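Inspection log for the structure reproduced underneath, given as C-alpha cells.
All values reported here derive from a predicted model rather than from experimental measurement.
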Amino acid sequence: MIYDITARITTSYIPAAGAGRHVVRLEPLSIPGTQRLIAGEVRADPPPDERLDRTDFFGNAVTECAYLAGLDALTFSLRATVERLAQPVTLDLSPPLPRLAAELDERPSLAADAPHHFLAASDRVAPLPAITRYAREVTAGASTTLETVRALGAALHRDMSFDPSATTVETPPLEAFEARHGVCQDFAHVMIAALRGMGVPAAYVSGFLRTLPPPGQERLEGADAMHAWIRAWTGIETGWIEFDPTNDCLAGTDHIVVGYGRDYGDVAPVRGILRLSGRQKGTQAVDVVPRP
C-alpha cells in the first residue's frame with residue numbers, strides 16, 4: 001500500500017516568543033521489508049536561522065531548527081510518500097516467558113536495535129508494581145512470549161477507555177492506568193511499563209495511522225492522526241513485533257512508522273526550548289491518503 005502523507009503542527013505564542021531551538025521528528029522511516037520512504041520533506045515556517053538534518057541513535061530522522069529572533073507562530077509540516085508492505089503470517093516461535101531472559105543473555109549487542117536498551121526504566125516509563133501485577137494476572141494463561149504480548153494488549157484495550165480529555169502529554173503511566181482512561185500515548189506507556197515489569201523489552205513507536213470514516217460518510221480532510229503503539233522483543237526466533245493496544249491489533253499496513261524510542265520523550269514530534277512569557281496554543285492536522 002502506498003500512502004501520501006501530509007502533517008502540520010502549528011504553535012501560536014501570545015505574546016510573541018523569544019529565540020528558541022526545536023527538534024522535529026516527523027519524517028517516516030525506511031525499514032527493510034516493512035516500509036519504504038519514497039519521498040519526504042520537512043519544512044519550517046518561518047524558515048529557521050539555522051537548520052540541521054540528521055539521524056539520532058535509534059536511526060530516526062531528526063530536523064533541528066534554531067530561531068534567533070522572536071516568533072508569533074511556528075509551523076512544522078511534512079509531505080511524504082510511503083510504501084507500507086503487508087507482513088507475512090509467521091509461526092509463533094517465541095519462548096515461554098520464563099525462558100526469555102536466557103535468550104536475552106545470548107544477545108550481547110548494544111546496537112541501536114538491541115533489546116537491552118528497552119528493558120530498563122526510561123525517563124517516562126518505569127516498571128511499576130501495580131501495573132506488573134495487573135499484567136501477570138491478565139496474561140496468566142499465555143504459553144509463549146508473543147501470546148503474553150497479545151493477551152496484555154487485548155486486556156488493556158478492554159479495561160482502558162480512549163478519552164482525549166482525560167490526560168495530557170505529561171501524564172504519568174500510573175495515573176492513566178489507575179484512571180483507566182487515556183489516549184494512544186497512555187495506552188503505549190502503560191503497556192511498555194507492564195512488559196518491562198515482566199522482563200520483556202518494549203519500545204515506543206511514533207507514527208501515523210490511517211483512519212476510516214463511518215459507513216456512508218465522507219472522509220474529512222485533516223482527520224487522520226499521529227499515533228503511538230509498542231514494539232516488543234519476543235525472543236531470538238520471533239524477534240521484534242509491533243502491537244497497537246489502543247486498537248487491539250498487530251500493527252499493519254495502516255500503521256506508518258516515524259520513529260522508535262524508549263518512550264515518548266525519545267520520539268516526540270516537536271520538542272525544544274524558547275523564551276516565553278505568555279501562553280501558547282497548538283493545533284495539528286494529518287492526512288494519510290492511500291493511492292488507488
Side-chain angles (χ1 to χ4, degrees), residues 25 29-35 55-62 87-129 131-132 134-136 138-139 142-156 173 184-185 187-207 228-245 249-252 255 257-268:
R25 289 178 175 87
L29 291 177
S30 281
I31 307 167
T34 301
Q35 179 175 294
T55 57
D56 64 16
F57 174 77
F58 296 113
N60 307 315
V62 178
Q87 300 303 294
V89 177
T90 58
L91 295 175
D92 179 3
L93 300 177
S94 63
L97 189 58
R99 280 178 35 203
L100 186 66
E103 296 203 4
L104 269 169
D105 289 341
E106 296 178 29
R107 285 296 178 96
S109 170
L110 289 178
D113 200 43
H116 301 280
H117 296 300
F118 305 96
L119 185 58
S122 53
D123 287 346
R124 291 173 179 250
V125 181
L128 299 163
I131 295 178
T132 301
Y134 167 86
R136 294 196 181 281
V138 299
T139 63
S143 59
T144 68
T145 302
L146 178 55
E147 284 186 13
T148 298
V149 174
R150 299 191 70 160
L152 174 61
L156 289 174
C184 57
Q185 174 185 314
F187 278 76
H189 276 167
V190 171
M191 188 167 181
I192 291 169
L195 289 170
R196 291 177 183 171
M198 293 190 294
V200 180
Y204 186 99
V205 189
S206 172
W229 56 99
I230 71 98
R231 192 183 193 212
W233 193 76
T234 58
I236 292 173
E237 292 292 336
T238 310
W240 289 102
I241 64 100
E242 295 182 18
F243 191 90
D244 181 351
C249 65
L250 292 169
H255 295 76
V257 178
V258 169
Y260 296 116
R262 294 161 298 180
D263 55 41
Y264 172 81
D266 284 340
V267 289

Which of parallel (below 30°), tilted (30 to 60°) and perpendicular (above 60°) describes Tyr204 and His189?
tilted
Counting only N and O atoms by type, is there a donor-acceptor contact under 3.5 Å from the side chain of Ser206 to the main-chain atoms of Ala228?
no
Should the heavy atoms of other residues, nucleotides or ligands under 6.0 Å from CZ of Arg124 be counted, would the total exceed 12?
yes
Salt bridge present between Arg231 and Asp113 (N-O < 4.0 angstrom):
yes
Side chain to side chain contact (heavy atoms under 4.5 Å, CB included), paired with Asn60, selected from Asp266, Leu29, Thr55, Val258
Leu29
Derivation of the side chain to side chain contact (heavy atoms under 4.5 Å, CB included) call for Val205 and Phe243:
CA-CA 9 Å; Val205 189; Phe243 191 90; over 6 Å; no
For the residue pair Ala202 and Ile192, what are the closest heavy atoms and their distance?
O-CG2, 3.8 Å
CZ (Arg262) with more than 12 external heavy atoms under 6.0 Å:
no
Would a distance-only check, ignoring hydrogens and angles, find a side-chain to backbone donor-acceptor pair under 3.5 Å from His117 to Ala111?
yes
Ignoring hydrogens and geometry, is there a side-chain-to-backbone donor-acceptor pair from Gln87 to Gly33 under 3.5 Å?
yes
Any side-chain heavy-atom pair from Glu147 and Leu97 closer than 4.5 angstrom?
no
Let me see the working for Tyr134 and Leu152 under side chain to side chain contact (heavy atoms under 4.5 Å, CB included), right down to the final yes or no.
CA-CA 9 Å; Tyr134 167 86; Leu152 174 61; 4.2 Å; yes
Side chain to side chain contact (heavy atoms under 4.5 Å, CB included), that's the test. Do Leu104 and Trp233 meet it? Break it down for me.
CA-CA 9 Å; Leu104 269 169; Trp233 193 76; 3.7 Å; yes
Quick one: SG on Cys249 to CD on Glu242, what's the gap to the nearest 0.5 Å?
11.0 Å
Under 4.5 Å between any side-chain heavy atoms of Arg107 and Pro201, yes or no?
no
Residue pair Met191 / Val149: nearest heavy atoms and the distance that separates them
CE-O, 3.3 Å
Any sub-3.5 Å donor-acceptor pair from Thr238's side-chain atoms to Ser94's backbone N or O?
yes
Quick check: closest heavy atoms across Ser109 and Ala114, and the distance to 0.1 Å?
O-CB, 3.1 Å
May I ask you to decide if the ring planes of Trp240 and Phe118 are parallel, tilted or perpendicular, using 30° and 60° as cut-offs?
perpendicular
For Ala268 against Arg25, the heavy-atom pair lying closest together
O-CB, 3.8 Å
Do you know which two heavy atoms are closest between Ala188 and Pro245, and how far apart they sit?
N-CG, 4.3 Å
Are there more than 12 heavy atoms of other residues, nucleotides or ligands under 6.0 Å from atom CG of Asp123?
no
Going from CG on Leu146 to CG on Leu250, what distance comes out if it is rounded to the nearest 0.5 angstrom?
7.0 Å
Restricting to non-hydrogen atoms, name the atom on Glu103 and the atom on Ile236 that form the minimum distance, rounded to 0.1 Å.
OE1-N, 2.7 Å
